[in-house]
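Note that the structure is a prediction, hence the values are computed from the model and not measured. Each residue takes its place number in the sequence, starting with 1.
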Amino acid sequence: MSNPQNHVFILMGVSGSGKSAVASAVAREADAAMLDGDYLHPRANINKMAAGHALDDNDRAPWLAALNDAIFAMQRTNPVSLLVCSALKKSYRDRLREGNRNLHFLYLKGDKTVIEERLKQRKGHFFKPQMLVSQFATLEEPGEQEPDVQAIDINQPLDGVVADTLACINRITAR
């Protein structure tokens with residue numbers, strides 16, 4: 001059973017949208033627990049991405065199950081938890097919602113040009129910039145049918161994205 005006072009926020013978006021950087025800063029500011037969903041990928045998925053290949057839905061199934069379990073555990077123990085996860089398709093978000101109340105998605109939304117430039121600056125990450133095309137092709141942008149998703153504009157400095165994210169979390173947890 002989840003604690004109705006506890007909330008889990010998934011920072012979602014394509015690779016390069018700033019999910020990890022924003023989550024790290026927000027976790028510090030809000031004294032929140034944080035988990036990078038990439039750590040729960042099976043070894044085969046990491047090797048596949050490192051080789052420059054996109055994951056398919058079959059690859060993602062065990063990862064989504066592990067994330068769902070992590071969300072359940074986080075809801076039980078922490079007032080505010082953050083999970084970094086691309087959650088590109090509605091079906092993925094629906095899988096994460098299963099059995100998890102007080103789950104919210106914060107969609108770090110930005111245009112392809114901004115994100116492509118950020119990816120080119122990265123070092124030591126297993127994501128390859130050429131995979132951005134497949135990320136945008138896979139992305140099913142959340143709409144009105146998903147009221148638990150809030151969009152955060154990332155076409156601003158990191159401090160602004162962090163402030164907007166904290167404000168959104170504070171609005172939701174104050175309800």
Side-chain angles (χ1 to χ4, degrees), residues 1-43 45-46 49 55 59-110 115 118 125-127 135 138-143 145-154 156 158-175:
M1 199 91 194
S2 66
N3 181 332
Q5 309 307 311
N6 295 345
H7 296 267
V8 177
F9 294 88
I10 295 180
L11 281 82
M12 63 164 285
V14 299
S15 189
S17 61
K19 297 181 299 292
S20 296
V22 172
S24 293
V26 168
R28 278 191 304 276
E29 289 282 323
D31 195 27
M34 183 192 138
L35 174 64
D36 189 328
D38 282 350
Y39 295 147
L40 298 182
H41 268 296
R43 182 184 310 256
N45 287 7
I46 294 170
M49 287 185 283
L55 300 179
D59 297 323
R60 287 187 180 93
W63 177 59
L64 291 168
L67 291 171
N68 182 283
D69 288 343
I71 294 163
F72 180 77
M74 293 166 97
Q75 281 183 152
R76 293 175 51 87
T77 56
N78 300 301
V80 174
S81 297
L82 307 172
L83 175 64
V84 175
C85 171
S86 55
L88 296 178
K89 288 186 179 181
K90 184 178 183 301
S91 63
Y92 305 162
R93 296 186 293 275
D94 288 344
R95 175 65 182 99
L96 298 175
R97 289 179 179 110
E98 288 175 13
N100 291 318
R101 298 172 35 180
N102 293 336
L103 177 64
H104 316 275
F105 294 84
L106 303 175
Y107 171 35
L108 300 184
K109 183 176 180 172
I115 293 170
R118 289 180 182 177
H125 190 269
F126 58 71
F127 189 89
Q135 287 262 303
T138 302
L139 176 63
E140 294 172 1
E141 280 205 309
Q145 75 283 11
E146 293 183 87
D148 58 351
V149 181
Q150 304 296 313
I152 309 283
D153 180 12
I154 65 161
Q156 59 177 321
L158 180 62
D159 289 349
V161 178
V162 170
D164 288 354
T165 303
L166 282 164
C168 189
I169 289 171
N170 290 333
R171 272 194 314 274
I172 291 169
T173 57
R175 291 183 195 153

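The two atoms that bring Asp36 and Ser20 nearest to each other are OD2-OG, 3.3 Å, heavy atoms only. Here the closest non-hydrogen pair linking Asp38 and Ile46 is O-CD1, 4.4 Å.
One distance of note links CZ of Arg60 with NE2 of His41; it measures 7.5 Å at 0.5 Å rounding. Annotation: the span from Asp94 atom CG to Leu64 atom CG amounts to 11.0 Å, rounded to 0.5 Å. We find the CD1-OH distance between Ile152 and Tyr107 to be 12.0 Å, quoted to the nearest 0.5 Å.
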Counting only pairs under 3.5 Å, give me each side-chain donor-acceptor contact of residues 79-89, with atom names and distances, residues two or more places apart or in other chains.
residue, atom, partner, partner atom, Å
Ser81, OG, Asn78, ND2, 3.4
Lys89, NZ, Asp57, OD1, 3.3
Lys89, NZ, Asp57, OD2, 3.1

Identify every side-chain donor-acceptor pair in residues 162-169 under 3.5 Å, counting partners at least two apart or on other chains, and give the distances.
residue, atom, partner, partner atom, Å
Asp164, OD2, Gln156, NE2, 2.8
Thr165, OG1, Val161, O, 2.7

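Side-chain contact between Leu108 and Met12 is absent, with no heavy-atom pair separated by less than 4.5 Å. Proximity of Asp59 to Trp63: side-chain heavy atoms (C-beta onward) are nowhere separated by under 4.5 Å. Contact annotation: the side chain of Arg95 approaches that of Asn68 to within less than 4.5 Å [non-hydrogen atoms, C-beta and beyond]. Side-chain contact between Met74 and Leu35 is present, with at least one heavy-atom pair separated by less than 4.5 Å. Under the 4.5 Å side-chain criterion, counting only non-hydrogen atoms from C-beta, Ile10 is in contact with Ile71. In this structure, Phe72 and Leu67 have side chains that are not in contact, with every pair of non-hydrogen atoms separated by 4.5 Å or more. Two residues are said to be in side-chain contact when any heavy atoms from C-beta on lie closer than 4.5 Å; Met49 and Leu55 meet this criterion. Residues His7 and His104 form a side-chain contact, since some pair of their non-hydrogen atoms from C-beta on lies under 4.5 Å apart.
At least one donor-acceptor pair closer than 3.5 Å links the side chain of Gln135 to the backbone N or O of Ser15. Looking only at distances, a side-chain donor or acceptor of Asn100 sits under 3.5 Å from a matching main-chain atom of Leu96. One N or O on the side chain of Ser17 and one on the backbone of Val14 form a donor-acceptor pair closer than 3.5 Å. With hydrogens and angles disregarded, a donor-acceptor distance shorter than 3.5 Å links the side chain of Lys19 to the backbone of Gly13.
A donor-acceptor pair shorter than 3.5 Å cannot be found between the side chains of Glu140 and Tyr92.
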For this session: Evaluate the criterion salt bridge (Lys or Arg N to Asp or Glu O under 4.0 Å) for residue pair Glu146 and Arg93; output intermediate values, then yes/no.
Result: CA-CA 9 Å; Glu146 293 183 87; Arg93 296 186 293 275; 2.8 Å; yes
For this session: Could you walk me through whether Leu103 and Phe9 pass the side-chain contact (heavy atoms from CB on, under 4.5 Å) test, one step at a time?
Result: CA-CA 6 Å; Leu103 177 64; Phe9 294 88; over 6 Å; no
